[in-house]
**Student:** 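Below: one structure in structure tokens.
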Amino acid sequence: MIDLRAARNDPDAYRAALARKGAAGVFDELLAADARWREVQQQVDELRARTKLKGKPTPEQLTELTAIKAELQPLEADLAEASQRLQDLLDRVPNPPAEDTPDGNAEEDAVEVKVVGEPPSFDFEPRDHLDLSAAHGWIDVERGAKVSGSRFVYRVGDVALLEIALYRWALARIAQKGHTPMLPPVLVRDEAMYGTGFFPSDKGDFYEVPEDGLYLAGTSEVPLAAFHGGEELDGLPLRYVAFSTCFRREAGAAGKDTRGMFRVHQFDKVEMFVFCEPGRSREEHERLLDIEEELVQELGLPYRVLNIAAGDLGASAAKKYDIEAWFPGQSRYREITSTSNTTDYQSRRLGIRYRQDDGKLEHVHTLNGTAVTARAMIAVLENFQDADGSIAVPEPLTEFGAPARLGADRVPAQ
RNA sequence: GGAGGGGUGGCAGAGCGGUCGAAUGCGGCGGUCUCGAAAACCGUUAUCCGUCGUUAGGCGGAUCGAGGGUUCAAAUCCCUCCCCCUCCGCCA
């Protein structure tokens, strides 16, 4: 939710920024709804003030009160309607993009910030992760489909060990940097989905459990942000890192990335989350990006960093960096991590504040960043493959239970 | 799943139709005392919205888990929902 009072005071700046997200129209509707709401609210306040009295009313007062009440009733109905309309619009207006977020609406409009490392050159035809897994049954999409449907996979044998080592490794690295490790719930109430800005705009992207009024979180950003919902925070910045399973319906992605496990309905993720003072969020955002880069570098993956265009940001982000790793199986860079500065957009919706030095309460800023997901595992498989189909595992992962080399024994799973 | 009890300010806890944004205690902040500190004493101490004011702040409205209802009037009565606790059952 945007700062309505600030928007009221500087509507032109807000409209210009929101136009970059294609939201100038809703914003104008919001301003109109706000003007209407304030008008009615004032009328209601005045009438209510006249109904206040202490002790038992005299008969004369009683008739007067009845008269006021008759006048008040329709106005209160108007007020309920006006504030509902205001709230609906407030729910729909996205976070304005930061000044250094590039213009544009599409993925291609992102600005390439840097390219690190070189795509590996193979003296054989590199295989993608599905082909690599075939001889060993590492990634079982057929049985995934049999049991759960398309876009569900089993990871089997050494790949299961590799993947979980990746999560354990990332968790350890980030915990070392002062982030508190967490294992959050992944079934959440709609308040958490609204609070993080995924609802109402992206409601169709998530699984719902209607019997219990719960939703499967698409990312641990949701339970992490909502963790401090309604609280007044001390000791900022508060930094967390969580491991959780994520669920996405991938509505509207039909036909996209259908091969292998690049895009699936259920995947695991290690996610960073930060609550900080507003003046500090840009710095924290760079910090999260630095950590993401360190991890990708430690794995030895070639990658590039993108500054995502305004129109491609989603409701809550003001600025977003994606890291795209090189995937030899696709011969191109694909997203493996993403870090967003959501400024005070989520904290306003969730009611998360801190006390400034002057004693005033102010909303915190929140940020999130992926540490690793299963996509990093795929990138490892594809980038470090050899001609014989075996895979060299990055050394740090072996400390966390990954086999030193995958596929050397060539024992296929049944 | 069954049976009870409860959700009030930063915390504890009273209030159970009007004089209640709410006693009291603790904590916090300011002060007196002191060489300094502790203790004691005095004062102060919720949030949100609107509006006026350059600021301090003034004025008005709202808020006692959430939403409805009864009433001239609700923290207090009624209904629905959510959450917490205790006991029994079941279970990773």
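A note on names: the letters A, B, ... follow the listed sequences, proteins ahead of strands, and every chain is numbered from 1. Note that the structure is predicted; figures quoted are calculated from it, not measured. Values below: all heavy atoms of this structure, side chains included; hydrogens, waters and symmetry mates excluded.
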**Student:** Which part of the nucleic acid, if any, lies within contact of I68(A), taking any heavy atom under 4.0 Å across all strands shown: a base, the sugar-phosphate backbone alone, or nothing?
**Tutor:** nothing
**Student:** I'd like to know if D131(A) and R259(A) make a salt bridge, using a cut-off of under 4.0 Å between side-chain N and carboxylate O.
**Tutor:** yes
**Student:** Do the side chains of D103(A) and R20(A) get close enough for a salt bridge, i.e. N-O under 4.0 angstrom?
**Tutor:** yes
**Student:** When you check the gap from the basic side-chain N to the acidic O, do E284(A) and R287(A) get nearer than 4.0 Å?
**Tutor:** yes
**Student:** Look only at the side chain of T101(A) and the backbone of A318(A), and say whether a donor-acceptor pair between them is shorter than 3.5 Å.
**Tutor:** yes
**Student:** Take atom C1' in A14(B) and the same atom in A22(B), then report the distance between them in whole Å.
**Tutor:** 10 Å
**Student:** When both hydrogen-bonding distances must be under 3.5 Å and the geometry is Watson-Crick or G-U wobble, what is G10(B) paired with, if anything?
**Tutor:** C26(B)
**Student:** Using the C1' atom as the point on both nucleotides, what is the distance between C82(B) and A12(B), in whole Å?
**Tutor:** 24 Å
**Student:** What's the CD-C1' distance between Q87(A) and G67(B), to the nearest Å?
**Tutor:** 15 Å
**Student:** Could you state the CD-C1' distance from E231(A) to G65(B), rounded to the nearest angstrom?
**Tutor:** 16 Å
**Student:** C29(B) and C81(B): how far apart are their C1' atoms, nearest whole angstrom?
**Tutor:** 40 Å
**Student:** In Watson-Crick or G-U wobble terms, both distances under 3.5 Å, what is the partner of U63(B)?
**Tutor:** A46(B)
**Student:** Residues two or more places apart in sequence or in another chain: which of them pass side-chain hydrogen bond (donor to acceptor under 3.5 Å, both in side chains) with Q84(A)?
**Tutor:** D88(A)
**Student:** In whole angstrom, give me the gap between the C1' atoms of U76(B) and G18(B).
**Tutor:** 11 Å
**Student:** How does protein contact run along nucleotides 49-62 of chain B, one letter per nucleotide 5' to 3', with B for base contact, S for sugar-phosphate only, - for none, heavy atoms under 4.0 Å?
**Tutor:** SSS--------BSS
**Student:** In whole Å, what is the span from the CG atom of D357(A) to the C1' atom of C29(B)?
**Tutor:** 15 Å
**Student:** For the C1' atoms, the ones on G69(B) and on U51(B), what distance do you get once it is rounded to whole angstrom?
**Tutor:** 32 Å
**Student:** Determine the Euclidean distance between corresponding P atoms of A46(B) and A23(B); express it in Å to zero decimal places.
**Tutor:** 11 Å
**Student:** When you measure from the side-chain N and O atoms of R355(A) to the phosphate of G10(B), is any distance below 4.0 Å, counting only OP1 and OP2?
**Tutor:** no
**Student:** In whole Å, what is the span from the CZ atom of R349(A) to the C1' atom of C48(B)?
**Tutor:** 18 Å
**Student:** To the nearest Å, give me how far apart CD (E191(A)) and P (C81(B)) are.
**Tutor:** 16 Å
**Student:** For G57(B), which nucleotide in any strand shown is its Watson-Crick or wobble partner with both distances under 3.5 Å?
**Tutor:** C52(B)
**Student:** Quickly work out the L86(A) CG to C48(B) C1' distance and round it to whole Å.
**Tutor:** 14 Å
**Student:** Under 3.5 Å, is there a donor-acceptor pair linking the side chains of S347(A) and T366(A)?
**Tutor:** no
**Student:** Using whole Å, report how far CG of L361(A) lies from P of U45(B).
**Tutor:** 16 Å
**Student:** Would you give the length of the straight line joining atom NE2 of H365(A) to atom OG1 of T342(A), rounded to the nearest 0.5 angstrom?
**Tutor:** 8.5 Å
**Student:** Is U86(B) paired to anything, Watson-Crick or G-U wobble with both distances less than 3.5 Å, and if yes, which nucleotide?
**Tutor:** A3(B)
**Student:** For E286(A), does the CD atom sit with more than 12 other heavy atoms under 6.0 Å from it, leaving out its own atoms?
**Tutor:** yes
**Student:** G6(B) and G65(B): how far apart are their P atoms, nearest whole angstrom?
**Tutor:** 14 Å
**Student:** Looking at C41(B), which nucleotide sits across from it as a Watson-Crick or G-U wobble partner, both distances under 3.5 angstrom, or is there none?
**Tutor:** G31(B)
**Student:** Taking NZ from K69(A) and C1' from G69(B), how many angstroms apart are they, rounded to a whole number?
**Tutor:** 11 Å
**Student:** Determine the Euclidean distance between corresponding P atoms of G7(B) and A75(B); express it in Å to zero decimal places.
**Tutor:** 16 Å
